[in-house]
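Scroll down for the structure; my scribbles are underneath it.
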Amino acid sequence: SEETLKEMRDWMKKAPMMTVELLTPEITDYARKLKTDYALSLADSIGLALAKWVNYPFLTADRQELIPIKKSEKVKIEFFR
């Protein structure tokens, strides 16, 4: 309903997150590079590319796969677990 949609939009404006409506060619090109160079999942490669673009850390539990990227790429990665 229209009321539910309004409530959802209001909640999203207050939530501590960012909504990206468009993946730019720069973001998708970098995601492709990460996916190709490091054999990452599509989700991780896009997440890392977005994190770099917005200059915000990528939070993940995928320590094994992402340690090499943290060492060699200019992407902030924080691990939990």
Which pairs would a plain distance check flag for residues 58-68, meaning a side-chain donor or acceptor within less than 3.5 Å of a matching protein atom at least two apart in sequence or in another chain?
{"residue": "Thr60", "atom": "OG1", "partner": "Asp62", "partner atom": "N", "Å": "2.9"}
{"residue": "Arg63", "atom": "NH2", "partner": "Arg81", "partner atom": "O", "Å": "3.4"}

Point-to-point distance, once rounded to the nearest 0.5 Å, from NZ of Lys70 to CD of Glu78: 7.0 Å
Identify each donor-acceptor pair in which a side-chain atom of residues 22-29 lies under 3.5 Å from a protein atom, sequence neighbours left out, and give them as a table.
{"residue": "Thr24", "atom": "OG1", "partner": "Glu26", "partner atom": "OE1", "Å": "3.2"}
{"residue": "Thr24", "atom": "OG1", "partner": "Ile27", "partner atom": "N", "Å": "3.2"}
{"residue": "Thr28", "atom": "OG1", "partner": "Thr24", "partner atom": "O", "Å": "3.3"}
{"residue": "Thr28", "atom": "OG1", "partner": "Pro25", "partner atom": "O", "Å": "3.2"}
{"residue": "Asp29", "atom": "OD1", "partner": "Arg32", "partner atom": "NH2", "Å": "2.3"}

Transitive ILVMFWY side-chain link Leu34 to Leu50, under 4.5 Å: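 Different clusters.
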Trp53 with Leu48, same ILVMFWY side-chain cluster at under 4.5 Å: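 In one cluster with Trp53: Leu48, no.
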Criterion side-chain contact (heavy atoms from CB on, under 4.5 Å) on Val75 and Tyr30, from CA distance to verdict: CA-CA 11 Å; Val75 180; Tyr30 189 61; 3.4 Å; yes
Heavy-atom donor-acceptor pair, Lys35 side chain to Leu40 backbone, under 3.5 Å: yes
Closest heavy-atom pair and its distance - Pro57, Ala51: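 Scanning both residues, the minimum pair turns out to be C-CB, 4.3 Å.
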Smallest separation among heavy atoms of Lys76 and Asn55, with atom names: NZ-OD1, 3.2 Å
Salt bridge (Lys or Arg N to Asp or Glu O under 4.0 Å) partners of residues 37-49, not counting sequence neighbours, each pair once: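 Every pair satisfying salt bridge (Lys or Arg N to Asp or Glu O under 4.0 Å) with a residue in residues 37-49: Lys33-Asp37.
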Sequence-distant partners of Ser72, side-chain hydrogen bond (donor to acceptor under 3.5 Å, both in side chains), two or more places apart: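 Partners of Ser72 by the side-chain hydrogen bond (donor to acceptor under 3.5 Å, both in side chains) criterion, ordered by chain and then number, come out as Tyr38.
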side-chain hydrogen bond (donor to acceptor under 3.5 Å, both in side chains) against Lys6, all qualifying residues, sequence neighbours excluded: Asp10
Neighbour count >12 (heavy atoms, 6.0 Å) for atom CZ, Phe79: yes
Residue list, salt bridge (Lys or Arg N to Asp or Glu O under 4.0 Å) with Lys14, at least two apart or on another chain: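 With neighbours one apart ignored, the set is empty.
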